[in-house]
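Worksheet for the structure shown next.
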Amino acid sequence: MEYVVSILKKFPLTVFALVVLTMPFWFPWIGGYGGLATKIMIWALFALGFDILLGFTGYLSFGHAIFFGVSAYATGLMFKHFSDEIIPAMIVAVIVGTLASVIIGYLTLKKSGIYFSILTLAFGEMLHSSALSTFGSFTGGENGLTLPDMIPSMLGIEMRGEVMFYMTAAVLILGYYIARRISASPFGLILKAIKSNQERLEYTGIDVQKYKLGAFVISAIYASVAGSLMVVYEPYVGTEYLRWSTSGNLVLMSVMGGMGTLIGPIIGAAFMLYFENVLSVPLGEEWLLVLGLIFMAIVIFLPGGFTDGFKLIYKKLIGKKSDGEEN
Amino acid sequence: MSKKSTSDVMLDCYQVSKNFGGLQALNDVNLKVKHNTIHSLIGPNGAGKSTLLNVITGMITPTHGSVVFDDTPMLDLKPHEINQLGLAKVFQTPAIFPEMTLIKNVCIPALAARDGSFKLNMFQKAGMKSIESFAEETLEEVGLKDSIHKEARFLSRGDKRRLELAICLAHRPKMLLLDEPTAGMARHETENTILLLRKIADRGMTMVIVEHDMNVVFALSETISVLAQGTIIAEGTPDEVKGNPKVIEAYLGEEQE
Amino acid sequence: MNYLFLQVLTGLQISALYMLIALGLTLVFGTLGVVNFAHGALFMLGAYFAVVISDAFGFSVALIAVPIMLFIVGIILERGLIRFFYERSHTDQILVTFGLAIVIGEVLKTIYGANNLPFAKPSWGSGIVKLHEYLPFLEGFVAYPKWRLILVVVSFSTVAALFLLLQFTRFGLIVRAGMRDSQMLAFLGVNITRRFTIVFGIGAVIAAIAGLFGGPITQVEPELGMKLLIPSFLVVVVGGMGSLPGAVLASLLFGMALSFTAKYAEIQQIIIYLLAVIILLVRPRGLMGKKGLME
Amino acid sequence: MTKKSDISKTISRRSILKAGALGSVAMSAPMFYAKNAWAESAIGNYPVEGDTVMLGFNVPQTGAYADEGADELRAYKLAVTHLNNGGGMLDTFKPSKLTGSGVLGKKVDFVVGDTQTKADAARTSARRMIERDKIIMLTGGSSSGIAIAQQYLAAEMGIIFMAGLTHSNDTTGKDKRRYGFRHFFNAEMTGIALSPILADTYGKDRRAFHLTSDYSWGHTQHDAMKRGTEGQGWTTENNIMTPVGAPDFSQYLTEVLASDADILVLNHYGKDMVNSLSQSVEFGMRELQKNGKTMEIVVPLFSRLMAQGAGSSKIQGVLGTTNWNWSLEDEGSKAFVQAFEAEYGFPPSMAAHTCYCQTLLYANACEVAGTFYPPEVIKALEGFEFDGMGNGKTLYRAEDHQCFKDILVVKGKAPADKTGEFDLLEIVGTTPRDVVTYDASIFGGELGPYEPA
């Protein structure tokens, strides 16, 4: 047991990559399937980026679906009007998502606490409503942006099935690597300090506003890549990509997995999608009720989420040892 | 940083006034703090000491007046810009990063000193070593070397103050502002703090101290300014201030309330 | 003239419901410092209780019984769950009450189904009022649903009652003091905990009133809580968290905005969000917010 | 339900097939034992292995349409029982090759998914059923946007999608797909069928005010009603798009009050309908006198579940159209209602009816084609004409995969005339099939190829 944990601690990225890349082999044994595996990767990337904002700086955005959705629409529109090639589409999508995040971040990050949450929520709902009605002719309104008979491809290789899975997995592993580097960097240290004591930080010569914007934009870039991949994976854009419930799900995932740990939100995303799509079948109509109860139990008894739970179990198993040095 | 000051005045508050609604918190306050001195600010409760400190650190904008630090006008500057100019503040209740280890607490100001107020150094791991060893030295200086990997929230109140002092020092400021640095400390802790501050000052640090404990004030200060009802009523060396009738009146007035 | 009058009346009437929901939300926040995302669910619970009881025993029984029931529910919630979150972060409060809202909604759905339960108004509240008979400046025939006028009256009376309670009673005095500094009061030996429980109960009672009088208008279904929670939250935040007059002002603003833009769908569907964004950008703490709270 | 070994064999067989010859030989080995002539061209989950055939029922179990979803699921289960054991409409459906002992010699089994009334969730759960549970046919849905989202996915993956309740013209109009089929009627037919009866009942000189759900179904519904009623001499005073899921319509109703209109057309469905209708009545829209006429409310798409939600006092006398009602007296409807009531204790909704029919229609097409091979099944459905399913002689039009049948115009029953809890709608007219048949090309769109890319 200790040996396993020591390997985990020494080679976290390698272990992570192995678990992700071997998913096609072990996932079906627990009732998973290909499409879900890819979708988990995409949401994991989304949640991972969100952790750089919520987990590090403590800013609870209820409008992060904006970047996921805006980028998804940009990708879809590129496919529709430009070409099936994913590279230009994804580049444009990420640029659009990033621009949106710079503007919205600049306007909202001056507020904190619930004012920030509500402001991001208001921005999100505004865009969602516009996508449904005002811009309906571009977005396809409630029907979603449909892309008949097209298969996104990269340099002529069709992006479906396993090719898509491994591409997404590679992006996720890269994303995880980058996030870990950020976490260990001076930049990451200062982001975590924002959550810890923002006022002290301001009086320590740090331009907190810029760091917050930095975190916001980075997390929005993750969201944009995820949103874009979503459309590559399935050439279809639904309006609910922009809806507050998408942001809400993201929050649920991060909290259940464990905020600020990077791996936590990934586990949270995997758990939630697995629950929603596999465990919901035996549970029937009441699955959402069960999920709500699980969520509440975690917030009440295990504020650190699953990752905290694992730590507790581990400590129980090996007897109490070391104060769990942060990594 | 290396800019040479043209006068021997490091901090110059000129006719600073602040109005909160109808309340005149500060009224034409003039305060000059000289290089390499410890300058104390005393006065009864509600005299405007905290307001003045907050004006200096950029938290409050005065109604009128000016604040010049090291030849740079400081009004309209944000707290972090003021800090980058070399002015660090030790808060009344210790302001630290409670969930972080001591070493990380001190690395942050060290980074701010090295990289400025913002740097997108997401991948830079190199150079962290020197920052860390510098942080360690600073912690050693304030006497916290033994617990550098402890989380700050587990420290005693006195140690939290030391940590905060280390945070301020790690930025290599030109001047320290201390808001009641010994509040709530036991006697021996207070004495240790006095020694520590003396040691720091002797290496060439300007300090402004707001303090209630007269033992601390008289043990440390070269100059004392007395603030009452928003105005400076007396200023001078400890001995001059001690005998000033206005000061006695101001303090007695407080006691009668 | 008639048109303008009707628009104003409609705006007033839309804001009445927002106001009732926002009132409990902002009271609980201002006093207890708790961000209660489950408040919409409490409103919905009130509406379900109201429809079930008034079907079985008539509306007048419900009028008495539902506020009492919600008061009890509120006290159980506060004692059993919310009080453990006073010391936790606002984020945690949002999260746990958000979870609670999902659970309440799903339980109601399991019991009563996802479709609307028809809520029959009592006979004294149905029908229309011919306003032109009372207001001489109206030309021709101008009528408005009686129930909606009752809602406006109930809503403003509730606001007034709450205001009087807080402003002119000893209980209100302590609660208002507690809003400023709860530790201080605890030192003074005031049992602030019990009063906080009661405040949460009062919040739930206001939700019950909203359910009783709002239910017949909006119909009763398990997503109602969430549907009204978001606009109500916007009302509270735009008004300034914890400010009762702010909540009143913001709900009036939203109500009028929704009423006057009704013809222009593109604007109307985003108007409250647009207003919220603009107001919060210009006035960071909302219309009447206090510095320090919620930051 | 599903064998583990099946699932673990491959995560996505199609991609492997495409990936390389080696993989394809290894993975598709079992196919060589399939009896069908088209074995080499696998599409979707064809060929079907083993002795059961799997159907996927994707219905809203959570969210706003959960009750409709529950009723649809009841109908699907009943359909599976009848396919395997006989009974129900199997005895009335003509021409039918269904035997009541499974389909093509295989036992029919099913899996269920939750669409959550969200397009994205619907697609994810559809994928689960397609990729993991190996369904050969997908069906369900209770909202047009979601049906269309699933229809595109199904077409991409080579799975036939038998749409459930979806009334938007788009489903078989601009968003039609070769792999999607709709038994339910649509907004265009509502417009054609309802308008003459409205003109007969309320007169030709009427001014209508529309309130319309702001999404694709609402738009097509408004469009069809506007054209239909204006063809009868009505004028359209105004139209306001209302947001989906609005709990309060008072601000729009105020506009109606202030206008010159004497008819209010509510292009809403589900809870929106219940809310807007109840509130319209509350605002006195049925007592008001305008232009010397009594104001009237029209609900173009009517359903029994909605009528129940609004309460019979409010729907009394209100006109609308419906796909089917349990009170119909033909043999097919009677057989279905009887079987449904015997199983569940209450009559089925129109959503249940269309889902039941779709399942039988698909199964029969397989029998007719003699294979589950999708292109052949599609050809068997295209242009198929049948009877005995409750709507008289019905045609699955080849050009757009839309069913054409007689359309029922219904009126809300007065509380006094009700014979029971579920007796809410009275059929006041039937518009014949050839009247509601429109030109297939008017909405544009392409069906796409028989064999997906």
Side-chain angles (χ1 to χ4, degrees), chain C residues 2-11 13-14 17-18 105-106 109-110 112-121 126-130 141-148 214 216-224 226-228 231 255-266 268-270, chain D residues 60-71 117 211-212 214 238-259 270-285 287-290 305-315 349:
Chain C
N2 288 2
Y3 182 40
L4 186 72
F5 174 78
L6 280 175
Q7 280 187 316
V8 171
L9 192 58
T10 298
Q13 170 268 126
I14 295 171
L17 187 54
Y18 283 164
E106 285 302 308
K109 200 205 88 183
T110 307
Y112 296 106
N115 274 338
N116 306 51
L117 294 187
F119 194 155
K121 289 185 273 286
S126 358
I128 49 178
V129 180
K130 291 169 182 152
F141 182 89
V142 181
Y144 213 74
K146 201 193 252 178
W147 191 258
R148 305 227 173 206
I217 287 176
T218 60
Q219 305 295 313
V220 184
E221 45 108 354
E223 293 193 338
L224 185 60
M226 273 300 171
K227 271 183 195 167
L228 281 165
M256 292 301 163
L258 282 171
S259 172
F260 278 87
T261 54
K263 264 189 191 165
Y264 317 101
E266 286 84 0
Q268 213 248 354
Q269 295 185 19
I270 61 168
Chain D
Q61 293 184 301
T62 52
Y65 292 118
D67 286 359
E68 274 91 339
D71 216 39
T117 325
L211 294 184
T212 301
D214 196 1
N238 201 350
N239 172 45
I240 293 183
M241 297 292 178
T242 65
V244 183
D248 185 16
F249 290 84
S250 58
Q251 65 265 45
Y252 316 111
L253 294 170
T254 304
E255 298 292 328
V256 180
L257 278 184
S259 76
K271 289 178 188 176
D272 281 0
M273 177 80 258
V274 173
N275 275 341
S276 68
L277 176 63
S278 311
Q279 291 169 16
S280 306
V281 174
E282 192 199 353
F283 266 77
M285 299 281 176
E287 320 161 28
L288 229 55
Q289 297 291 321
K290 276 205 183 158
L305 282 177
M306 270 160 32
Q308 241 168 288
S312 59
S313 63
K314 285 170 188 147
I315 55 145
S349 63

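Convention: sequence-line order gives letters A, B, ...; per-chain numbering from 1.
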Using heavy-atom distances under 4.5 Å, tell me whether [X] contacts chain D through its side chain, its backbone, both, or neither.
X: Gln269(C); value: side chain
X: Lys263(C); value: both
X: Glu221(C); value: side chain
X: Lys121(C); value: side chain
X: Ile128(C); value: side chain
X: Leu258(C); value: both
X: Phe141(C); value: side chain

Show the nearest heavy-atom pair for residues Lys271(D) and Pro222(C), with the distance to one decimal. NZ-CD, 4.5 Å
Less than 4.5 Å to any heavy atom of chain C: does that hold for the side chain of [X], its backbone, both, or neither?
X: Gln308(D); value: backbone
X: Ser259(D); value: neither
X: Leu288(D); value: side chain

With Tyr144(C) via side-chain hydrogen bond (donor to acceptor under 3.5 Å, both in side chains) - residues at least two apart: Thr10(C), Gln13(C)
Residue among Pro145(C), Pro118(C), Ala265(C) with most heavy-atom pairs under 4.5 Å to chain D: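 Most heavy-atom pairs within the cutoff with chain D belong to Pro145(C).
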Kindly say whether Ile217(C) contributes a backbone atom to a donor-acceptor pair with the side chain of Gln279(D) at under 3.5 angstrom? yes
Do Asp67(D) side-chain atoms and Asn115(C) backbone N/O form a donor-acceptor pair below 3.5 Å? yes
